[in-house]
Amino acid sequence: MILLDYKDSRPIYEQVVEKLQELMLLGVLEEDAQMPSVRSLATELSINPNTIQRAYGELERNGFLYTVKGRGSFVGSIRRLRESRREEFEEKLLTLAREAGNIGLSRAEFMEAAGKAYERGAPAPLPENEEKAADSSAWRDRASTDSRKGDEEG
């Protein structure tokens, strides 16, 4: 589910944060759903648990995850995540609009270019399908299994 790019110049924890945010936005990880344990996700991705802990910490600082002592981490406000991503998008769009003006594109040309870019790059809307439900339940099942393991170990 999470694919890491070891050639990417960004730190691994940032890639994990981005991928988890994408899963939240796509509805694979639903609000208040339990996240996999740090140990299980680290094992699944073959990376150090400290990296996952750092990614979870970053998501929690931004309000996208919350922790319940003794229970684990849970998906926080997806609405807040959407708003944050929209603000980032609008800043990028503003930068592109300025650049378009600097190179002499008219508003109509900019809008046409933006429309073409959207058509090429935007993912198709996700239908409410069995695959999404299966992905989501697999994460929830794994998370609840992980929390039971923690109860047995403790």
Side-chain angles (χ1 to χ4, degrees), residues 1-100 102-103 113-114 116-126 129 131-154:
M1 227 187 241
I2 295 178
L3 297 176
L4 301 173
D5 181 0
Y6 293 98
K7 294 178 184 174
D8 191 328
S9 62
R10 294 176 303 150
I12 299 296
Y13 87 93
E14 286 182 8
Q15 292 182 50
V16 172
V17 166
E18 180 182 304
K19 298 297 184 183
L20 290 172
Q21 287 178 345
E22 286 176 13
L23 292 172
M24 290 174 194
L25 291 170
L26 292 171
V28 175
L29 294 174
E30 297 171 347
E31 201 161 313
D32 297 321
Q34 186 168 17
M35 296 291 294
S37 72
V38 167
R39 187 179 349 172
S40 70
L41 188 53
T43 300
E44 182 179 321
L45 298 176
S46 300
I47 59 178
N48 190 310
N50 292 333
T51 303
I52 300 300
Q53 187 62 50
R54 186 168 180 187
Y56 277 18
E58 181 74 20
L59 289 165
E60 189 167 358
R61 270 188 298 285
N62 291 314
F64 309 142
L65 282 187
Y66 63 93
T67 301
V68 177
K69 193 167 181 89
R71 300 283 309 156
S73 296
F74 296 82
V75 177
S77 173
I78 293 176
R79 181 186 53 78
R80 182 181 294 164
L81 173 58
R82 242 181 248 297
E83 289 170 1
S84 173
R85 294 291 285 264
R86 186 178 183 112
E87 288 172 11
E88 290 173 19
F89 168 76
E90 288 174 357
E91 285 298 317
K92 290 175 186 175
L93 193 57
L94 180 60
T95 300
L96 289 173
R98 285 185 183 134
E99 187 176 334
N102 289 341
I103 63 171
K116 286 179 182 176
Y118 185 86
E119 292 299 321
R120 286 193 349 237
L126 284 178
N129 61 24
E131 182 179 325
K132 178 182 158 189
D135 288 345
S136 183
S137 65
W139 274 71
R140 280 193 298 274
D141 291 347
R142 187 174 325 124
S144 59
T145 301
D146 293 340
S147 68
R148 283 193 296 267
K149 283 182 188 172
D151 293 343
E152 293 168 5
E153 293 170 1

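Both backbone and side-chain heavy atoms feed into the values below; hydrogens, waters and symmetry mates do not.
- Looking at T95, its side chain does come within 3.5 Å of a backbone N or O of E91 through a donor-acceptor pair.
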Walk me through whether E58 and V16 qualify under side chain to side chain contact (heavy atoms under 4.5 Å, CB included).
CA-CA 10 Å; E58 181 74 20; V16 172; over 6 Å; no
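- Side-chain N/O atoms of S37 and S40 include a donor and acceptor closer than 3.5 Å.
- Residues T67 and E60 have side chains that bring a donor and an acceptor to within less than 3.5 angstrom of each other.
- Atom CZ of R54 sits about 12.5 Å away from atom CD1 of I52, to the nearest 0.5 Å.
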Yes or no on salt bridge (charged side-chain N to carboxylate O under 4.0 Å, His left out) for R86 and E90, after CA distance, side-chain angles and deciding distance?
CA-CA 6 Å; R86 186 178 183 112; E90 288 174 357; 3.2 Å; yes
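- Distance check, rounded to the nearest 0.5 Å: CG of L96 to CZ of F89 gives 8.5 Å.
- Taking all atoms of both residues into account, the shortest heavy-atom contact from V38 to P49 is CG1-O, 3.3 Å.
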Mind listing the side-chain donor-acceptor pairs of residues 74-83 below 3.5 Å, one per line with the distance, residues two or more places apart or on another chain?
| from | atom 1 | to | atom 2 | distance (Å) |
| --- | --- | --- | --- | --- |
| S77 | OG | R80 | N | 2.9 |
| R79 | NH1 | E83 | OE1 | 3.4 |
| R79 | NH1 | E83 | OE2 | 2.8 |
| R82 | NH2 | L25 | O | 3.3 |

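- With contacts defined as side-chain heavy-atom distances shorter than 4.5 Å, the pair E18/R10 qualifies.
- With values rounded to the nearest 0.5 angstrom, Q21 atom CD is found 5.5 Å from F64 atom CZ.
- Using a cut-off of 4.0 Å between Lys/Arg side-chain N and Asp/Glu carboxylate O, K7 and D5 are scored as not salt-bridged.
- By the 4.5 Å heavy-atom criterion applied to side chains, Y56 and V17 are not counted as neighbours.
- Q53 contributes no side-chain N or O that, together with a main-chain N or O of N48, makes up a donor-acceptor pair within less than 3.5 Å.
- No side-chain heavy atom of L3 sits less than 4.5 Å from a side-chain heavy atom of Q15.
- In this model, no donor atom of one side chain and acceptor atom of the other lie less than 3.5 Å apart for Y13 and N50.
- Taking NZ of K19 as the start and CD1 of I12 as the end, the distance is 11.0 Å to the nearest 0.5 Å.
- Counting non-hydrogen atoms of neighbouring residues, nucleotides and ligands closer than 6.0 angstrom, the CD atom of E99 reaches no more than 12 such neighbours.
- Rounding to the nearest 0.5 Å gives a distance of 7.0 Å between CD of E44 and CD1 of I2.
- A distance of 6.0 Å separates CD1 in I47 from OH in Y6, rounded to the nearest 0.5 Å.
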